[in-house]
Amino acid sequence: MAETATERADAPGRRRLTFVGAVRQVWEHVLFYGLLFLFGLMSLAWSLTAALIGPLLPRRIAGPLGRLAIKTGFRLYLGTLRACGVLRTDLSALDGLKGDSGLLICPNHPSILDAVLLISRLPDVVCIAKAKIYDNLFLGGGARMAGYIRNDAPNSLVKMAAQEVRAGHHLLIFPEGTRTERAPVNALKGGFALIAKTAGAPVQTVFIDSNTNFLGKGWPLFRKPDFPLVYTVRLGRRFDPVTDVRGLVAELEHHYRSEL
């Protein structure tokens, strides 16, 4: 069929759009892998530094200094992502926790980025960290200096976590135990409730909403998502200290499912 005059006139415009789209795709891939490299470089630099200076400092200095360094590094990195136009966030709800102390902060866990987002905004927060993070070249030195708690020794974990909470620190723990596998939330583990009971501390729920599954369960690290990534954090219900561990787990899970 013969090409119409209108189609011939529109052809240069379509070619320009195709070219612009191809250039954009190439740029976004370069940017994505460059930003991943930057995160790895920043993490490695601090991990090695912390591994050297952490053992030389008194615990009362090393812990707060290590947590401040991680918070600052995460804030700088997220600021870089925003400046590059690949990230939009609203974390302002977390500012409402700054005047509180001795809380368990329990978010849902859709992505690896969750901890980065929350730690960047929370004051002097202690985390429950997986053992493989402790043993990781890129993250282990910083986690040890910050006084993050390994998750592979349940008895000492509960005792150490409760001590941190009673000392007035926020404790960041993901009740699902791993990233969400089946929306809206996995069945919750009971560790957070046992810590809350032992410490006599309230539990603050936090909800992370996003437009993407980037770095969720099953998402390969080097698979580029669509930009921009959008994350919003909102506060949920705060649960008073309880003695009924199973009851708290069931009540919290119901709250998650009703809110997400």
Side-chain angles (χ1 to χ4, degrees), residues 43 46-74 94 97 100-109 111-180 186 188-206 208 239 241-242 245 248-249 252:
S43 299
W46 175 243
S47 182
L48 296 178
T49 301
L52 289 174
I53 67 173
L56 303 178
L57 297 173
R59 188 68 254 167
R60 70 179 188 280
I61 296 175
L65 179 60
R67 293 190 289 273
L68 177 61
I70 292 174
K71 176 181 178 178
T72 302
F74 284 172
L94 297 173
L97 303 178
D100 301 323
S101 61
L103 284 177
L104 272 76
I105 298 176
C106 294
N108 60 313
H109 198 9
S111 166
I112 292 175
L113 275 180
D114 301 336
V116 177
L117 293 167
L118 296 173
I119 292 171
S120 74
R121 196 86 176 201
L122 291 169
D124 200 28
V125 63
V126 177
C127 299
I128 305 293
K130 290 185 177 181
K132 65 181 181 181
I133 290 179
Y134 248 75
D135 300 330
N136 186 287
L137 177 64
F138 288 82
L139 301 170
R144 290 190 294 272
M145 181 172 171
Y148 292 171
I149 302 167
R150 292 178 68 112
N151 73 342
D152 58 350
N155 292 333
S156 61
L157 182 156
V158 171
K159 180 179 178 181
M160 293 172 65
Q163 287 175 346
E164 294 289 351
V165 175
R166 284 196 293 264
H169 294 122
H170 291 323
L171 178 75
L172 176 61
I173 180 171
F174 294 100
E176 294 173 83
T178 186
R179 285 167 289 167
T180 304
N186 299 335
L188 303 189
K189 308 296 184 183
F192 80 93
L194 186 56
I195 294 170
K197 176 184 177 181
T198 304
V203 172
Q204 174 66 58
T205 55
V206 175
I208 302 171
F239 292 79
V242 297
V245 170
L248 177 59
V249 172
L252 201 77

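Because only heavy atoms are used, hydrogens play no part in the values below, and waters and symmetry mates are left out as well, while side chains stay in. The residues of the chain are indexed from 1 along the displayed sequence.
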Please tell me if the side chains of [X] and [Y] come closer than 4.5 Å, counting only heavy atoms from C-beta onward.
{"X": "I195", "Y": "K159", "value": "no"}
{"X": "L172", "Y": "L118", "value": "yes"}
{"X": "I53", "Y": "M145", "value": "yes"}
{"X": "R67", "Y": "Y148", "value": "yes"}
{"X": "L103", "Y": "D100", "value": "yes"}

Atom pair [atom1]/[atom2] of [X] and [Y] - distance to nearest 0.5 Å:
{"X": "T198", "Y": "Q163", "atom1": "OG1", "atom2": "CD", "result": "11.0 Å"}
{"X": "I119", "Y": "L94", "atom1": "CD1", "atom2": "CG", "result": "11.5 Å"}
{"X": "L157", "Y": "I173", "atom1": "CG", "atom2": "CD1", "result": "6.5 Å"}
{"X": "W46", "Y": "L139", "atom1": "CH2", "atom2": "CG", "result": "13.0 Å"}
{"X": "R150", "Y": "M160", "atom1": "CZ", "atom2": "CE", "result": "10.5 Å"}
{"X": "L57", "Y": "L52", "atom1": "CG", "atom2": "CG", "result": "11.0 Å"}

Just wondering, more than 12 heavy atoms not from R59 lying within 6.0 Å of its CZ? yes

Taking NZ in K189 as the centre, count heavy atoms belonging to other residues, nucleotides or ligands within less than 6.0 Å. Is the count above 12? no

Say whether, by atom type as modelled, one donor and one acceptor occur between the side chain of [X] and the main chain of [Y] under 3.5 angstrom.
{"X": "R144", "Y": "Y134", "answer": "yes"}
{"X": "E176", "Y": "L188", "answer": "no"}
{"X": "N151", "Y": "A131", "answer": "yes"}
{"X": "T72", "Y": "A69", "answer": "no"}
{"X": "R179", "Y": "H109", "answer": "no"}
{"X": "N108", "Y": "I208", "answer": "yes"}
{"X": "S47", "Y": "L137", "answer": "yes"}

Can a side-chain donor-acceptor contact be found between D124 and H170 if the only test is distance below 3.5 angstrom? no

Within the 3.5 Å criterion, strictly below it, is a donor on H169 or E164 matched to an acceptor on the partner's side chain? yes

Restricting to non-hydrogen atoms, name the atom on [X] and the atom on [Y] that form the minimum distance, rounded to 0.1 Å.
{"X": "G142", "Y": "I70", "result": "O-CD1, 3.7 Å"}
{"X": "G54", "Y": "A62", "result": "O-CB, 4.1 Å"}
{"X": "P241", "Y": "G200", "result": "CG-O, 3.5 Å"}
{"X": "A193", "Y": "V249", "result": "CB-CG2, 3.8 Å"}
{"X": "A201", "Y": "G102", "result": "CB-O, 3.5 Å"}
{"X": "P175", "Y": "P107", "result": "CD-O, 3.3 Å"}

Test side-chain contact (heavy atoms from CB on, under 4.5 Å) on Q204 and L97 and set out the steps. CA-CA 9 Å; Q204 174 66 58; L97 303 178; 4.0 Å; yes

If the threshold is 4.0 Å, N to carboxylate O, is there a salt bridge linking D152 and K132? no

